[in-house]
Each structure stands twice: as structure tokens, then as C-alpha cells.
Amino acid sequence: MMKTQFKRCIALAVMIALLMPVLPASMEAFPFVAFTNEMTSLRRDASETSEALVSLPSGSAVSVSGEEGAYYIVIYEGRTGYLLKNKLKE
């Protein structure tokens, strides 16, 4: 019984050690601050056809709190909405 548990613990430790280098590359640390790289619109939903809540000039700072597909969920001047990821730079 003890040998089986020990083997399972070793196998789990090896799996974690192998996955550790991969995890940070696939995960964003939220929240973070980013800046618009061109004039863009904060959208109500994660869609280019969604209602534009406000226009953001190039260089506007936003707080990025999450992501949904090709969009980041951001907060700008107290409003929460969506911006395309390619419209932002850190």
C-alpha cells in the first residue's frame, strides 16, 4: 500500500515538474495595465458589431481584467467592456 502511494506521489511530482515551464506561457496574469496602440472603441460585448460604449484615443491606459477569445475585458474610466487584443500593448 505504501509503495503504491509513494509511486503515485513521485509520478505526480514528475508531471508537475514537466508542466511548470509550459503553464506561464499559456496563462496571463490579470489584472494588468495596457495601452491602446490606435484609436479604438470599447465594446459592450466581445464582437466588432457590438455597441460601442466609448472611443479611446491612441495611448489610452486601460486595466485588463480578463479575456474572451480575441478580446480582453477592460476597465476604462469606470466603464467595463471589450477591446480586441491586437489594439493593446503593455
Side-chain angles (χ1 to χ4, degrees):
M1 181 87 171
M2 290 293 271
K3 279 187 175 184
T4 303
Q5 287 178 337
F6 181 72
K7 287 179 183 178
R8 287 183 183 163
C9 286
I10 295 297
L12 180 60
V14 168
M15 284 179 22
I16 290 171
L18 291 173
L19 288 175
M20 288 304 285
V22 175
L23 291 178
S26 64
M27 295 173 51
E28 294 275 351
F30 299 109
F32 63 90
V33 174
F35 301 89
T36 57
N37 56 24
E38 61 185 66
M39 179 102 173
T40 189
S41 295
L42 183 68
R43 302 277 178 187
R44 180 177 300 280
D45 298 301
S47 166
E48 286 188 63
T49 59
S50 176
E51 176 188 353
L53 301 174
V54 65
S55 290
L56 287 76
S58 181
S60 297
V62 297
S63 176
V64 180
S65 61
E67 64 183 330
E68 186 174 316
Y71 288 81
Y72 280 128
I73 302 165
V74 304
I75 301 168
Y76 175 72
E77 294 183 348
R79 292 182 174 207
T80 301
Y82 295 83
L83 286 178
L84 279 167
K85 291 178 180 178
N86 65 3
K87 304 287 186 184
L88 295 174
K89 59 185 174 186
E90 288 186 55

Test side-chain contact (heavy atoms from CB on, under 4.5 Å) on L88 and N37; report intermediate values, then the result.
CA-CA 6 Å; L88 295 174; N37 56 24; 5.9 Å; no

In sequence, state the C-alpha distance, the side-chain angles, and the governing distance for L42 and Y82, and then conclude on side-chain contact (heavy atoms from CB on, under 4.5 Å).
CA-CA 6 Å; L42 183 68; Y82 295 83; 5.8 Å; no

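With respect to V62, the side chain to side chain contact (heavy atoms under 4.5 Å, CB included) criterion is satisfied by exactly one of L56, I75, I73: L56.
For E38, the salt bridge (Lys or Arg N to Asp or Glu O under 4.0 Å) partners two or more places apart in sequence, or in a different chain, are K87.
The OH atom of Y76 lies 7.5 Å from the OG1 atom of T36; values are rounded to the nearest 0.5 Å. Interatomic distance, F32 CZ to Y72 OH, rounded to the nearest 0.5 Å: 4.0 Å. Distance CD/E48 to OG/S41: 10.5 Å, rounded to 0.5 Å.
P57 and S60 get closest at one heavy-atom pair: O-OG, 2.7 Å. Smallest separation of non-hydrogen atoms from S50 and R43: O-NH1, 2.7 Å. Of all the heavy atoms in K85 and G69, the pair that sits closest is NZ-O, 3.0 Å. For the pair V64 and A34, the tightest heavy-atom approach, listed with the atom from each and the gap, is CG2-CB, 4.0 Å. Between F35 and A61, the closest heavy-atom pair is CE2-CB, 3.5 Å.
Annotation: side chain of R79 is in contact with side chain of V54 (closest heavy-atom distance under 4.5 Å).
Using a distance-only test at 3.5 Å, with no hydrogens or angles considered, no donor-acceptor pair links the side chain of K89 to the main chain of G59.
In the hydrophobic clustering of ILVMFWY residues, with side-chain heavy atoms under 4.5 Å counting as a link, V74 and L84 come out apart.
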